[in-house]
Amino acid sequence: MIRVMVVDDEEPARAKLRRWLGLEPDMEIAGEFADGLSAASAIMTSSPDVIFLDIQMPGLSGLQIAAQLEPEMSPLLVFVTAYDAHALAAFDLNAVDYLLKPYDEERFRRALDRVRDRLHAPEHRQSAVRVAREQTGFSDRLLVPAGGELRMIDSAAIHSLEADDNYVKIHTADQTYLLRRTLRDLLQQLGEQRFVRIHKSAAVNIAEIDTLTPLFKGDYELRLRSGKLLRLSRRYTSELFSRTGR
Amino acid sequence: MDQPIADTGRWRSRSPLVPLAALWATLWTLVAIIESSYYIHSPSIPRWQPLTLILSSTCTIVVWLTFELRFARHLKYPLDPPRPWFLHQLRRLPALASAYVVIVFGLRHAIFSMAGGVYQHLPWRGQIPFELVKASLFYCLWLGLVYGTLSMRESREQTAKLGLIQNALVESQLARLQAQLRPHFLFNTLNTVSSLMQVDIRRADRLLTRLADLLRASLGAGDANIVPLEEELRLLRLYTEIMQERFSGRVLMDWQIAEDARGVRVPAMILQPLVENAFQHGIEQSTGVESIRVAANCNRGLLEVRIHNTGSPLRDGWREGIGIGNCRERLRLLYGDGASIDIANHAEGGVVVSVSVPGTNG
């Protein structure tokens, strides 16, 4: 069975998808959501195979949800939209699936056929997430799991990022969150103008850097405003200096 | 009664007064030349005497008229029709002409006696009426010049203002079309119809008809730019019914329209963008059930419409969108300072937008 999630803030729009999906023997509905935040939480916990994702929604837009997903692990996305000239052009360019409202049954079935074809082709998931990130710009906010729920944190509140196996530890002033992502991917989402790598598996918020003290062999000791000490590897010194204007 | 026609700031701007001053100076130079040519052939009279005569009256008149231009509010009486304007100005003539005679003769007598001479003129009985007539004639000439200058300026300003109003009209029509036919609204509504018709053909049909009515109204709204509030509310109801169908169960509408407000004439489609805003920021951004209340009242010649949505309050540093900006501009052009739009958080939660326009029935 293909597990399908339906996300749209308008009930009639969800009803239409629900009705037509119900006619497909190989599809089952894995949840229906009317706003971005609850949809994003559900995606993380129930990881559906496919999401029909409305773009214009309260809280988080469909594109903002997609931008928060990890490209390799993302469900297959089919954006559903009334009208978004910009996004549509980007979707076309990157072969991202979408449905234009209103759509008829034939168009809907065509979209389903594409879903079946692409279900096992990961490159389509990646391009959907990538296009969503391009469309939304660098994320000012980041969705992180906290307890059983999702929390939205400002990316400016993040002090440092630390890679740990398949996860990234996100340190803020008083919390550490664990997000199943690669550091590289997360930096790409957050935008490199705010964060800078200090060694292979760590990055800091540039605004939080307090002092740098030279160590042996070109390494530095980096002190954050919070007082936390980190090591700046010599491989990353030139980038940091050029970004901070030292 | 003084009725200012333009703000004082504009009146003070000098540029259009330059030609007026030049004309006036030319006239007086001419008078001076004619008078001096008459005296120049009488060698018995010292040169300074005619000069004093001319300069005393010239200076008095120039000083007086300069003050008149700088400080006079009475000049701002409505220019059209001309007769009341002239009559209004002429009411001041007796006082001004008398003052002129007193000052000019005072000056002449003073200067002559200081120079050791005697200022000789006709007996007062003849001289005073003569001078009064002369002053009156000059004043009438002056008023003619001022009237010409002022009306030229006013017509220029009106042309400019007319241009602005026309531009704003065209823009508001465009904005209205865009607001009404906003693709999101249109396509989402069509999608709702498409969904409803699978289960409830009557309801789908009704929704489609509402949409058609609204489109028709927005396309034809340019014909009657000012409409009774009743008509404006009819269109608003079409719009809100469509939105309620789309956000099934999430929006409650509450209309509290005072009887005497229904006939008040308002600019067409002035409330539409405000209600749309209430949906966009109050309802669409919320996940719960929200309500929108539209209340209209007449109070001391003002129509006040309040649109209150129970959604999330205004955030710090929020900025006004294009829709409200357009409404504000339209009201300003139509009513000047007589109309207003205020947006504020409501004490009981949500946001309330208050529109107030001068209320004329009929």
Side-chain angles (χ1 to χ4, degrees), chain A residues 6-23 32-42 52 54-65 79-89 98-108 111 140-141 150 152 154, chain B residues 178-208 210-211 240-251 276-290 309-313 315-317 350-351:
Chain A
V6 172
V7 186
D8 196 310
D9 61 329
E10 298 182 24
E11 157 59 24
R14 293 197 301 275
K16 186 171 160 181
L17 281 170
R18 199 192 308 138
R19 200 171 308 118
W20 284 346
L21 281 167
L23 301 175
E32 266 187 46
F33 299 91
D35 69 293
L37 198 59
S38 41
S41 310
F52 283 87
D54 181 32
I55 292 187
Q56 231 200 357
M57 274 188 305
L60 280 177
S61 79
L63 288 172
Q64 283 172 319
I65 295 175
F79 290 105
V80 187
T81 183
Y83 180 86
D84 277 277
H86 267 289
L88 293 186
Y98 63 87
L99 273 175
L100 278 179
K101 292 177 182 176
Y103 47 89
D104 60 12
E105 208 168 346
E106 193 193 326
R107 195 101 41 98
F108 177 72
D140 286 335
R141 295 180 299 172
L150 271 191
M152 185 93 80
D154 280 341
Chain B
Q178 281 164 352
Q180 284 288 279
L181 302 172
R182 260 228 320 246
H184 268 290
F185 172 73
L186 192 55
F187 293 129
N188 276 317
T189 307
L190 288 174
N191 196 50
T192 309
V193 174
S194 154
S195 175
L196 275 181
M197 57 193 258
Q198 318 264 335
V199 284
D200 192 339
I201 290 179
R202 275 168 182 279
R203 226 163 111 195
D205 194 38
R206 208 177 61 199
L207 182 59
L208 200 57
R210 296 272 181 287
L211 182 63
T240 56
E241 279 170 28
I242 292 173
M243 293 302 273
Q244 278 180 299
E245 194 69 72
R246 276 176 54 189
F247 293 96
S248 34
R250 271 175 50 201
V251 200
E276 206 177 308
N277 251 23
F279 272 96
Q280 208 177 339
H281 300 289
I283 310 302
E284 291 180 35
Q285 295 304 315
S286 157
T287 52
V289 176
E290 304 289 353
N309 79 72
T310 56
S312 52
R315 271 178 301 180
D316 288 342
V351 175

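Because the structure is predicted, anything quoted here is derived from the model rather than measured. Per chain, numbering begins at 1; letters A, B, ... match sequence-line order.
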task = To the nearest 0.5 Å, tell me how far Gln56(A) CD sits from His184(B) NE2.
result = 4.0 Å
query = Relative to chain A, which segment of Thr189(B) carries a heavy atom at a distance below 4.5 Å: side chain, backbone, both, or neither?
reply = neither
ask   = Would you call Leu190(B) and Lys101(A) a side-chain contact if the rule is heavy atoms closer than 4.5 Å?
value = no
request  = State, yes or no, whether a side-chain contact exists between Glu11(A) and Phe247(B) at a heavy-atom distance under 4.5 Å.
outcome  = no
Heavy atoms from other residues, nucleotides or ligands near CE of Met197(B) exceed 12 (cutoff 6.0 Å) = no
ask   = Can you say whether Val193(B) sits under 4.5 Å from chain A via the side chain, the backbone, both, or neither, judging by heavy atoms?
value = neither
task = Could you list the residues that satisfy ring pair (Phe, Tyr, Trp, His ring centres under 6.0 Å) with Phe33(A), not counting sequence neighbours?
result = none
Side chains of Lys16(A) and Ser194(B) in contact at under 4.5 Å (non-hydrogen atoms) = yes
key: Partner residues of Glu32(A) under the salt bridge (Lys or Arg N to Asp or Glu O under 4.0 Å) criterion, sequence neighbours left out   = Arg14(A), Arg18(A)
inquiry  = Using only atom types and a distance under 3.5 Å, with no angle test, would you say the side chain of Arg250(B) pairs donor to acceptor with the backbone of Asp9(A)?
reply    = yes
ask   = Is the number of heavy atoms from other residues, nucleotides or ligands within 6.0 Å of OH (Tyr103(A)) greater than 12?
value = yes
inquiry  = If I compare all heavy atoms of Pro12(A) with all of Ser248(B), which pair ends up nearest, and what's the gap?
reply    = CD-OG, 3.6 Å
query = Aromatic rings Phe187(B) and Tyr83(A): how do their planes relate, parallel, tilted or perpendicular, breaks at 30° and 60°?
reply = parallel
ask   = Does Asn191(B) reach the side chain of Glu10(A), with side-chain heavy atoms less than 4.5 Å apart?
value = no
